[in-house]
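The structure under discussion appears below in the form of structure tokens.
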Amino acid sequence: MTDAPQIDVAIRNGRLVTPSGTFTGSLGISGERISHIGTDAAVPRATREIDADGAYVLPGLIEPHAHLGLSSTQGANDFEKWRRDFETETNGAIHGGVTTVLSHWTGKERYVDHLDTLIGWGEERSYIDFNVHPVIGIEEHLEQIPELVERGVTSFKHYHHVYDDPRGRSLGIFPCDDQMLYRSFEAIAAAGAPALAMVHAEDGPIIKHLLAVEQASGRADLEAWTRARPPLVENLRVRRVLDVAAHLGTPLYFVHVTTVEAVEMVAAAQREGQAVAAETQTCFLTHTAEMEEEIGAWGKINPALKYERDQQALWAAIRDGIVTCLGDDHLDYDLSDKQPNGADRFNNVFGCNAGMPGGMEHLLPVLVTAGVRTGRISMEDVVRVCATNTARLMGLYPRKGVLAVGSDADVVVVDPDRHKTVDDAFYHTRVRDWSLYWGWTLYGIPSTTLVRGTVVLEDGETVGLPGHGRFVPGRAIDIQAAETHS
Ligand SMILES: [Zn+2]
């Protein structure tokens with residue numbers, strides 16, 4: 001045995017979460033890929049030796065639900081804002097163990113004409129790998145679906161809930177009515193795997209009516225927002241969208257599922273063999289509509305926060321495999337975006353904006369704190385819903401989402417006992433002045449993150465560089481290759 005290093009990086013003495021189980025062992029990296037997994041002796045000496053010291057070693061997380069380039073003040077997508085967000089938001093991501101981001105892309109522009117520009121900005125500024133979900137809302141969008149899929153952009157978002165904001169401000173997102181949804185689903189089905197239809201399912205016209213009713217009632221607490229967007233509005237559209245997708249054979253992904261009934265409908269469709277995935281988000285697992293006193297309008301989000309019964313159903317659905325993915329609707333709204341013109345936070349839900357920052361950075365710690373440490377879910381569940389399932393659905397598996405020989409060396413070292421209190425020193429994104437988890441002690445803060453073999457986070461400090469990130473195209477999974485692979 002020679003003393004000369006044979007590989008680039010070795011991570012030793014970790015609890016590796018792999019498809020064949022969780023075990024204490026080591027992982028070797030050559031170049032950008034995982035080259036060895038096994039016992040300490042099975043991993044050769046490396047130029048760089050990292051001692052995981054018994055902490056978990058996980059595949060890098062994939063954030064499926066970010067909104068880079070979205071501005072509250074403009075009320076619309078500002079294409080140039082992507083350049084800033086690629087850098088500021090993905091720096092936060094590596095502190096949360098997120099190594100790939102899929103961001104919504106909303107624009108009047110022809111996506112195919114601007115894709116190279118967007119990829120160029122990401123590869124110049126992003127710390128992590130990335131892809132996008134173009135929003136489908138107008139005729140011009142529809143026509144581009146085949147070409148986008150060809151280029152590796154394979155997941156398409158439908159805002160099947162949008163209505164005009166009562167204050168007259170455009171939400172800056174393209175509404176997708178029933179006919180547009182149907183035609184888009186047709187185009188996605190025709191494009192074939194891994195093309196995927198993502199849907200925000202809520203009934204906009206009913207919400208519009210209920211909002212007027214709530215505002216007229218004089219109530220302005222957090223629950224008034226939920227009364228205007230009750231479980232019914234989600235359930236109605238989930239049912240309809242499931243039927244359309246089943247009829248057309250379109251693979252379907254519901255973003256932020258929040259209700260007991262939606263979980264039950266998705267579960268029934270999955271049992272019948274329908275290709276349907278469901279995402280939820282941490283806020284729906286940790287907060288309810290009844291927390292006006294604790295969080296006020298900081299809890300304002302679309303869909304609205306729900307109730308204890310929904311929360312319990314969502315935790316169970318993660319364990320049961322019904323909820324397939326976790327995302328966090330990452331935005332970069334600071335306090336001036338959230339509470340415009342210094343608007344009060346309490347008893348003023350209609351005066352504040354919807355949305356929350358910090359998701360990519362607190363996703364893993366919140367799941368460890370509220371899920372793993374309480375015994376609601378396991379670390380294996382976290383890997384499944386934050387990495388493996390997401391990679392499969394987005395056409396990134398087995399390159400991403402799994403610790404396996406040959407996969408990209410996107411790796412996170414996380415000790416479930418390592419903790420931090422959420423204050424203005426917690427976040428590394430642009431927004432550091434507030435978060436839904438303000439004051440919480442969060443456990444499971446990653447110490448080390450690697451993106452394609454490069455250490456980008458070391459002892460909790462950013463050591464990576466903007467521009468390390470690469471566009472990762474979605475491709476149909478070669479099942480045979482994927483199986484020999486893992
Ligand atoms: Zn969103």
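Remember, it's 1-based here, ligands and their atoms both numbered in the order they're listed.
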| field | Neighbour count above 12 (heavy atom, 6.0 Å) for Q312 CD | value | yes
| Between F86 and F130, is the gap from one ring center to the other below 6.0 Å? | yes
| task | Hey, can you tell me if H95 and H428 have their rings parallel, tilted or perpendicular (30° and 60° cut-offs)? | result | parallel
| remark: Excluding waters, which are neither shown nor counted, protein N/O/S atoms under 2.8 Å from the Zn ion (ligand 1) come to 3
| query | For H330 and E63, does a side-chain donor sit closer than 3.5 Å to a side-chain acceptor? | reply | no
| message | Are M394 and M198 packed together at the side-chain level, in the sense that at least one heavy-atom pair is separated by less than 4.5 angstrom? | response | yes
| field | Close side-chain approach of V368 to Y56, heavy-atom, < 4.5 Å | value | no
